Amino acid sequence: MATKDLILSIDQGTTSTRAIAFTSGGDAVATAQKALPQIYPADGWVEHDPEEIWSATVEVCRKVLGEVGTERVGAIGITNQRETTVLWDRKTGKPIHNAIVWQDRRGAPLCKKLIEAGHEPTIQRKTGLLIDSYFSATKIAWLLENVAGAKARAEKGELAFGTIDSFLLWRLTGGKVHATDITNACRTMLFDIHNKAWDADLLKLFGVPPSLLPEVKPNAGVFGTSETSGIGVALPIAGMAGDQQAAVIGQACLKPGMIKSTYGTGCFALLNTGNEAKPSQNRLLTTIAYQLGDRFAYAVEGSIFVAGAAVQWLRDGLKLFQEAGDTDSLAKSASNTSNVYLVPAFTGLGAPYWDPEARGAILGLTRDTGIAEVVRSALEAVCYQTQDLMAAMSADGGTRPTALRVDGGMARNDWVLQFLADILQLPVERPHVTETTALGAAFCAGLGSGMIADVAAIEKTWRPDRRFEPKMAAAERDRRYAGWQDAVRRIRHGAK
Ligand SMILES: Nc1ncnc2c1ncn2[C@@H]1O[C@H](COP(=O)(O)OP(=O)(O)O)[C@@H](O)[C@H]1O
Ligand SMILES: O=P(O)(O)OC[C@H](O)CO
């Protein structure tokens, strides 16, 4: 019998669905990926078709399993775009509506009402989150109010709620398991991160019947077994984590004070704060980083809604270049005297501003501004926004980290990482595996299935591919960052 030496990781992200087979030492041996169509039904609304997510998951898993041979695979790990909300019928397994994506702003009016009614301090204390339509609670409330019959069916126990991890788990197990993991649960705005349980008062506030909710489990451990009718093989699903927390694990940021930032569609920086759930005075989030056996950690998180999405917009919307990778050489060719600032507030601004009404702008245009300068300003914006987060973390009293570990699609761009090191005035480290999110889910499943002995084994796998040291003169860095702060001030005043 062949040795079971591989873990199949499913990474269901905002723009694509991936399956990657990893060795327990963290080396990727086979990958398959499928792009996920985005649905924009109205201004500020973003949806995904859950059936499309499911069929892409089956397709990429079958492809990877076919390539490596099912007999070599010992466990499955799942990681996912967080907060994105699906309600489905428990009998048929059919979703009652498209998934409402994390970027979707349709819950903003309800959020405004709740803030005005004074609910924010309690919600922040219990969940670590600020009231925003980013989180699942107002998405569930919208579905219950707006899909015909949904409320009554939910009250009768006929419906199930899940983030994408939960929905995939349900489908993979043929409807036998309705569960989620603690890192996804804590992004719903319904979960008390101190008691580590669903909060009855918050469920009442958002009108969510408890029968809708999945069981909450740690990140490593067997959640269920896949049915052969789906991906063609029965395997234990032994780990799950929200994608940003999975990246914390994949980056081996497993000690307090370690920080990673993932540059995909958005950008999410998570600082490990150990056993301490640190409340932020500077509009960052407090979240659960992981629960791996007896290792539990909280994190402080800064969430930026637009990072790689700005590159996509320049490529697909404005058609300024062919490939995301072209932005590296374009940025290098831009004029150094240009002072163009692009504020990518397409769906408002996330941390630390939380301004749903702000909208994007390009400022500082001159007659000689060309494609290269606009592209460079989009890349720079991601770095300035990361500095906004680092400044908020340090104002919260966090000790300055010694380096920032980066990953995600945009971290392939050397120009971005050098500029990031310059603006943060901090070394930036890219690991040899940039698919860190998928790797983190594989590590969870490795621990959950016993294929990986312990957390220390994960820590040993992290290796840098390249380290970017700050080079820019401090005065130049300060001048550029002040220009960004001014640009943000202008668009926020403009919106009001
Ligand atoms: N070389 C690059 N330079 C800049 N941006 C890039 C580069 N490669 C990919 N991207 C951006 O990274 C994003 C894809 O990253 P990924 O981690 O796959 O995202 P997600 O998990 O959100 O779907 C896209 O928005 C793309 O525009
Ligand atoms: O799909 P990503 O990588 O952009 O991540 C989305 C985040 O989980 C949203 O909170």
Side-chain angles (χ1 to χ4, degrees), residues 7-21 32-36 47-65 73 75-90 92-102 136 159-185 187-188 212-217 219-246 437-438 440-442 444-445 448-449:
I7 301 159
L8 177 70
S9 181
I10 299 171
D11 177 2
Q12 204 303 298
T14 312
T15 58
S16 76
T17 306
R18 262 166 285 203
I20 305 182
Q33 178 165 2
K34 186 148 196 212
L36 179 64
E47 296 180 358
H48 289 157
D49 177 354
E51 296 296 353
E52 216 149 1
I53 289 179
W54 170 241
S55 61
T57 302
V58 170
E59 188 181 322
V60 292
C61 285
R62 283 181 176 258
K63 202 158 168 214
V64 166
L65 289 166
V73 179
I76 298 178
I78 303 177
T79 183
N80 57 294
Q81 50 168 323
R82 305 166 303 167
E83 299 97 11
T84 298
T85 296
V86 193
L87 295 189
W88 65 92
D89 185 303
R90 287 182 182 275
T92 63
K94 293 260 170 267
I96 64 161
H97 191 272
N98 274 340
I100 303 187
V101 176
W102 59 276
S136 313
L159 302 182
F161 151 75
T163 36
I164 298 296
D165 56 311
S166 199
F167 173 67
L168 289 180
L169 179 68
W170 174 277
R171 283 284 171 103
L172 284 166
T173 59
K176 290 199 177 73
V177 185
H178 186 210
T180 188
D181 78 274
I182 195 157
T183 65
N184 272 297
R187 312 295 297 188
T188 56
L212 267 185
L213 299 172
E215 184 190 349
V216 182
K217 296 187 160 194
N219 299 103
V222 177
F223 286 77
T225 303
S226 61
E227 295 268 300
T228 47
S229 57
I231 59 168
V233 55
L235 284 169
I237 297 144
M240 295 206 311
D243 59 5
Q244 302 310 320
Q245 284 90 339
T437 299
C444 291
S449 62

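Quantities reported herein were computed from a predicted structural model and do not represent experimental measurements.
Note that CG of L172 and CG of L235 are 10.0 Å apart. Values are rounded to the nearest 0.5 Å. L169 CG to I78 CD1: the interatomic distance, rounded to the nearest 0.5 Å, is 5.5 Å. Expressed to the nearest 0.5 Å, how far CZ of R18 lies from CD1 of I10 amounts to 13.0 Å. Atom CG of D181 and atom CD of E215 lie 12.0 Å apart (nearest 0.5 Å). Expressed to the nearest 0.5 Å, how far OG1 of T84 lies from CD1 of I164 amounts to 5.5 Å.
Not counting sequence neighbours, T85 has no partner by the side chain to side chain donor-acceptor pair (under 3.5 Å) test. Qualifying side chain to side chain contact (heavy atoms under 4.5 Å, CB included) partners for W170, counting only residues two or more places apart in sequence or in other chains: W88, R90, H178. S9 pairs by the side chain to side chain donor-acceptor pair (under 3.5 Å) definition with nothing, not counting sequence neighbours. Listed by chain and number, the residues in a side chain to side chain contact (heavy atoms under 4.5 Å, CB included) with E47 are I39, P41, W45, H97, N98, R106 (sequence neighbours excluded). Shown here are the side chain to side chain contact (heavy atoms under 4.5 Å, CB included) partners of S55, two or more places apart in sequence or in another chain: there are none. In this view, A246 and T79, A241, T437 satisfy the side chain to side chain contact (heavy atoms under 4.5 Å, CB included) rule, not counting sequence neighbours.
Counting heavy atoms from C-beta outward, L159 and I96 have side chains that approach closer than 4.5 Å. Taking 4.5 Å as the limit, every side-chain heavy atom of S136 sits out of range of all side-chain heavy atoms of R187. Between V64 and I20 the shortest side-chain heavy-atom distance does not fall below 4.5 Å. Side-chain contact check for T15 versus Q81: every heavy-atom pair is 4.5 Å or farther apart. In this structure, the side chains of R82 and Q245 come closer than 4.5 Å at one or more pairs of heavy atoms.
Heavy-atom contacts from other residues, nucleotides or ligands closer than 6.0 Å to NZ of K217 number more than 12.
With hydrogens and angles ignored, the 3.5 Å screen pairs no side-chain donor or acceptor of T180 with any backbone N or O of N184. Remark: side-chain polar atoms of T163 are not paired, donor with acceptor, to backbone N or O of E83 under 3.5 angstrom. For R171 (side chain) and G93 (main-chain N/O), a donor-acceptor pair under 3.5 Å exists by modelled atom type. A donor-acceptor pair under 3.5 Å is absent between the side-chain atoms of T17 and the main chain of T57, judged by distance alone.
Taking both residues in full, the closest heavy atoms of P95 and E51 are given as CD-OE2, 3.4 Å, listed atom of the first, atom of the second, then distance. Closest of all the heavy-atom pairs between F223 and V177 is O-CG1, 3.3 Å.
Remark: of the listed residues L168, I7, T225, I231, I231 is the sole one forming a side-chain contact (heavy atoms from CB on, under 4.5 Å) with I76.
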